[in-house]
Enquirer: 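Take a look at the following structure, please.
We're numbering straight along the sequence, starting at 1.
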Amino acid sequence: MPVHRSGTASARRRRLAAAGTLLTSLLLLLALPGTATAAEASAIPERGTARMGQGVAAHDGQRGGTPIGTAAVQTEGVDVSGHQGNVAWSTLWNSGVKWAYVKATEGTYYKNTYFTQQYNGSYNVGMIRGTYHFATPDTTSGATQANYFVDNGGGWSRDGRTLPGVLDIEWNPYGAQCYGKTQSQMVSWIRDFVNTYKARTGRDPVIYTATSWWKDCTGNNAGFGATNPLWVARYNTTVGELPAGWSYYTMWQYTSSGPTVGDHNRFNGALDRVQALANG
């Protein structure tokens with residue numbers, strides 16, 4: 001005759017109930033806004049791998065083609081990072097590229113391992129070149145990152161061949177697009193960076209951004225147009241609307257699928273205007 005152990009059955013029911021509660025809690029957690037699924041977490045790139053314009057196509061779309069309807073003479077340029085590795089600078093020069101920007105740093109934790117080949121290589125073929133910093137406002141202050149940038153390739157010299165440094169401020173490839181900051185906090189972070197860079201180098205840095213990101217994350221702040229040249233990102237045949245405060249762009253990144261290195265740009269002026277920006 002079977003023996004009924006009510007205590008054992010009760011304990012089993014309690015364990016099953018506890019397991020069900022835990023599973024429910026985990027499912028609710030995964031459903032919360034901003035909580036990454038396993039697939040999403042695996043898609044987050046490794047820190048240091050961000051590159052200029054990385055989020056543009058995903059957020060703003062990409063329409064290929066050569067820029068049209070520009071009022072001024074435009075001068076072709078490129079931007080590169082460790083993503084491109086060793087760059088065929090002679091090929092670019094022979095195709096008409098006259099200026100270049102090279103990623104130097106990101107946050108306060110990454111320095112481009114291809115920096116020497118890219119920075120010196122562009123100079124050696126005759127290009128006017130400069131460097132950029134990929135900002136991560138959620139990791140350290142603007143001043144801290146500006147100092148890290150200047151100390152690791154982001155400086156400037158009046159030699160006629162060195163462009164002022166660039167603050168690359170755009171979508172966060174590692175998390176929330178505005179890096180967890182309010183619009184006013186983001187404006188303060190950018191101000192901290194540009195003020196520190198100018199104090200260190202004597203130059204106002206160029207600001208690289210996309211109009212839609214600038215609207216979302218700074219509230220379309222108009223406070224930088226009088227001092228900081230604009231490098232706008234829009235992958236299209238026309239530049240479109242500019243962020244508030246700028247009535248014209250200095251540089252325009254118009255594609256990420258151009259020849260040799262992908263990212264191609266137009267300087268809003270002839271080569272002598274590129275030289276003028278280099279000279280300050």
Side-chain angles (χ1 to χ4, degrees), residues 29 31-37 40-41 43-60 79 81 101 103-111 131-152 154 164-201 204-234 241-246 249 253:
L29 178 62
L32 287 173
T35 304
T37 65
E40 290 169 337
I44 297 173
E46 182 182 354
R47 286 274 178 181
T49 59
R51 59 190 185 275
M52 182 175 278
Q54 184 163 333
V56 174
H59 290 88
D60 284 351
D79 61 89
S81 67
Y101 267 97
K103 180 181 179 181
T105 50
E106 176 180 319
T108 53
Y109 50 80
Y110 173 82
K111 293 180 282 187
T131 60
Y132 77 86
H133 173 80
F134 193 96
T136 56
D138 57 338
T139 59
T140 47
S141 72
T144 299
Q145 292 194 30
N147 282 317
Y148 184 77
F149 177 41
V150 174
D151 291 340
N152 293 284
V166 173
L167 170 62
D168 178 358
I169 186 79
E170 58 175 294
W171 294 278
N172 179 9
Y174 311 116
Q177 70 169 5
C178 299
Y179 301 86
K181 293 195 175 296
T182 65
Q183 292 173 342
S184 62
Q185 288 172 338
M186 183 63 76
V187 171
S188 295
W189 192 97
I190 295 169
R191 181 68 63 195
D192 196 27
F193 184 100
V194 300
N195 286 349
T196 302
Y197 185 86
K198 184 171 185 178
R200 288 288 307 274
T201 66
D204 291 299
V206 176
I207 292 178
Y208 168 96
T209 196
T211 301
S212 62
W213 183 92
W214 192 262
K215 286 181 174 181
D216 289 342
C217 298
T218 75
N220 210 19
N221 185 273
F224 297 91
T227 52
N228 301 94
L230 172 66
W231 188 349
V232 68
R234 187 169 191 257
E241 180 186 5
L242 300 180
W246 286 281
Y249 66 89
Q253 186 187 57

Enquirer: Any salt bridge linking Lys215 with Asp60? Criterion: basic side-chain nitrogen under 4.0 Å from a carboxylate oxygen.
Expert: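 Answer for the salt bridge query: no.
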
Enquirer: To the nearest 0.5 Å, what is the distance between CD1 (Ile169) and CD1 (Ile207)?
Expert: 8.5 Å

Enquirer: Are the side chains of Tyr148 and Tyr109 in contact, using a 4.5 Å heavy-atom criterion?
Expert: no

Enquirer: Of the non-hydrogen atoms in Val232 and Tyr249, which two are nearest, and what is the gap between them?
Expert: CG1-CB, 4.0 Å

Enquirer: Any side-chain donor-acceptor pair under 3.5 Å between Gln54 and Thr49?
Expert: no

Enquirer: Please name the pair of heavy atoms, one in Gly180 and one in Gln185, separated by the smallest distance, quoted to 0.1 Å.
Expert: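 That closest heavy-atom pairing would be O-OE1, 4.3 Å.
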
Enquirer: Examine Trp231 together with Tyr132 and report whether their ring centres are nearer than 6.0 Å.
Expert: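 No, the ring centres sit 6.0 Å or more apart.
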
Enquirer: Write down the atom of Leu230, the atom of Thr209, and the distance for their closest heavy-atom approach.
Expert: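 Looks like CD1-CG2, 4.3 Å.
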
Enquirer: Filter on salt bridge (charged side-chain N to carboxylate O under 4.0 Å, His left out), then keep only pairs touching residues 176-186, sequence neighbours left out; what's left?
Expert: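 Passing the test, one end in residues 176-186: no pairs.
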
Enquirer: Do Met52 and Tyr208 touch side chain to side chain, with heavy atoms closer than 4.5 Å?
Expert: yes

Enquirer: With a 3.5 Å distance limit and no angle check, can you tell me whether Trp189 reaches the backbone of Thr140 through a side-chain donor-acceptor pair?
Expert: yes

Enquirer: Distance from Gln183 atom CD to Cys178 atom SG, nearest 0.5 Å?
Expert: 7.5 Å

Enquirer: Hey, does Thr139 have a side-chain heavy atom less than 4.5 Å from the side chain of Tyr179?
Expert: no

Enquirer: Enumerate the residue pairs fulfilling side-chain hydrogen bond (donor to acceptor under 3.5 Å, both in side chains) with a member in residues 164-174, sequence neighbours excluded, ordered by first and then second residue.
Expert: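 Residue pairs with at least one partner in residues 164-174: Glu106-Tyr174, Trp171-Gln177.
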
Enquirer: Is there a side-chain contact (heavy atoms from CB on, under 4.5 Å) between Leu167 and Gln145? Walk through the geometry before answering.
Expert: CA-CA 10 Å; Leu167 170 62; Gln145 292 194 30; over 6 Å; no

Enquirer: Tell me whether Thr211 contacts the main-chain N or O of Glu241 through its side chain, where contact means a donor paired with an acceptor under 3.5 Å.
Expert: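 Pair found, side chain donor or acceptor close to backbone of Glu241.
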
Enquirer: So which heavy atom on Pro45 is nearest to which on Pro173, and how close?
Expert: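 Nearest pair, atom of Pro45 first, then Pro173: CD-O, 3.2 Å.
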
Enquirer: Nearest 0.5 Å, please: how far is CZ in Phe149 from CZ in Phe193?
Expert: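 Output value for this atom pair is 5.5 Å.
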
Enquirer: With sequence neighbours left out, write down each residue that passes salt bridge (charged side-chain N to carboxylate O under 4.0 Å, His left out) with Asp192, or none if nothing qualifies.
Expert: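 With sequence neighbours excluded, Asp192 shows a salt bridge (charged side-chain N to carboxylate O under 4.0 Å, His left out) to no residue whatsoever.
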
Enquirer: Can any side-chain N or O of Tyr197 pair as donor or acceptor with the backbone N or O of Val166 at less than 3.5 Å?
Expert: no

Enquirer: For the CG atom of Asp138 and the CE atom of Met186, what is their distance to the nearest 0.5 Å?
Expert: 8.5 Å

Enquirer: First locate atom OH of Tyr110, then atom OG1 of Thr136, and finally report the distance between them rounded to the nearest 0.5 Å.
Expert: 13.0 Å

Enquirer: Kindly indicate whether the side chain of Val206, heavy atoms from C-beta on, has any atom under 4.5 Å from the side chain of Tyr101.
Expert: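 With C-beta onward as the side chain, the pair touches.
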
Enquirer: Once rounded to the nearest 0.5 Å, what's the spacing between atom NZ of Lys111 and atom CG of Asn152?
Expert: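 Lys111 NZ to Asn152 CG: 4.5 Å, rounded to 0.5 Å.
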
Enquirer: So, the side chain of Arg191 versus the backbone of Gly223: is there a donor-acceptor pair under 3.5 Å, distance only?
Expert: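 Yes; at least one donor-acceptor contact below 3.5 Å.
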
